[in-house]
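The shown structure was predicted, so the numbers you read here are calculated from the model rather than taken from an experiment.
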Amino acid sequence: MGFPDRIERTVEVTAPPSKVWAALTTAEGLASWFGDGATIDLRPGGAARMTWTGGQSVDMRVERVEEPTVFGFTWQIQELPKDDSRRTYVEFTLEPLGAGTRLTVVETGFAQLPEDVHRKEYDAHTQGWASELGELVAHLDAA
């Protein structure tokens, strides 16, 4: 049996797609729910970075930008050395839902990880997306 390779979560938010898009694709938007600081060059191949007050950071590369419906990036796997080229791919899909938005996030690429890293990273990201999407919904609902 192979390792699970995919995490998928869908949430519905009351905010329109334009506000959800801004929360996902701008430095200010990302820092409001996903991290404590962010930079992003919003174009395929552009660099992005998330930082947290505890000193952690993660480098990302923008892979897909189809405003206002699809945003994708790859990012480092925390349990691997910084120079390891393996990354997971995260893709957000936005669908209008009445006055709100249905947002789906899919992260893939876990099957490429060594056994000792796979379970820890897969579980951490599964829990992380549940938490982070909750923060995104709360942020958008409060805006």
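A pairwise comparison of heavy atoms in Ala27 and Ile40 identifies N-CG2, 3.5 Å as the closest pair. What you find for Trp33 and Glu135 is that their closest heavy atoms are O-OE1, 3.0 Å. Val20 approaches Ala15 most closely through the heavy-atom pair CG2-O, 4.0 Å. Nearest heavy atom pair, residue Leu30 against residue Ala38, reads CB-CB, 3.9 Å. Minimum heavy-atom separation, Leu42 to Phe71: CD1-CE1, 3.7 Å. The two residues Ser57 and Thr51 come nearest to each other via the heavy atoms CB-CG2, 3.9 Å.
Leu80 places a side-chain heavy atom less than 4.5 Å from the side chain of Leu113. Looking at heavy atoms from C-beta onward, Leu133 lies in side-chain contact with Leu103 at the 4.5 angstrom threshold. Side-chain contact between Val62 and Arg43: absent, with no pair of heavy atoms (C-beta onward) separated by less than 4.5 Å. Using a 4.5 Å heavy-atom threshold, the side chains of Leu136 and Leu24 count as touching. Taking the side chain as every heavy atom from C-beta outward, Pro4 and Arg119 approach each other to under 4.5 Å.
Residues Trp129 and Phe34 place their aromatic rings such that the two centres sit under 6.0 Å apart.
The line from OH of Tyr89 to CZ of Arg61 is 11.0 Å long, rounded to the nearest 0.5 Å. Summarising the geometry, atom CG belonging to Leu97 is positioned 8.0 Å from atom CD belonging to Glu95; distances are rounded to the nearest 0.5 Å. Here Glu67 contributes atom CD and Leu94 contributes atom CG; the two are 10.0 Å apart, rounded to the nearest 0.5 Å. Taken from CE in Met60 to OG1 in Thr88, the straight-line distance is 11.0 Å, to the nearest 0.5 Å. Distance check: Thr101 OG1 to Phe92 CZ gives 13.5 Å after rounding to the nearest 0.5 Å. Atom CD of Glu107 sits about 11.0 Å away from atom CZ of Arg9, to the nearest 0.5 Å.
Put simply, the side chain of Thr14 never gets that close to the backbone of Asp141: no donor and acceptor are under 3.5 Å apart. Formation of a donor-acceptor pair under 3.5 Å by the Ser131 side chain with backbone atoms of Gly128 is not found in this model. Distance alone, capped at 3.5 Å, is enough to place a donor-acceptor pair between the Gln76 side chain and the Asp59 backbone. Of the possible polar contacts, none joining the Trp21 side chain to the Pro16 backbone as a donor-acceptor pair under 3.5 Å is found.
Clustering ILVMFWY residues whenever any of their side-chain heavy atoms sit less than 4.5 angstrom apart, transitively, puts Trp75 in a cluster other than the one holding Val70.
Exactly one of Thr126, Val117, Ile7 qualifies for a side chain to side chain contact (heavy atoms under 4.5 Å, CB included) with Phe110. That residue is Ile7. Just one of His125, Arg86, His118 meets the side chain to side chain contact (heavy atoms under 4.5 Å, CB included) condition when paired with Ile77; it is Arg86.
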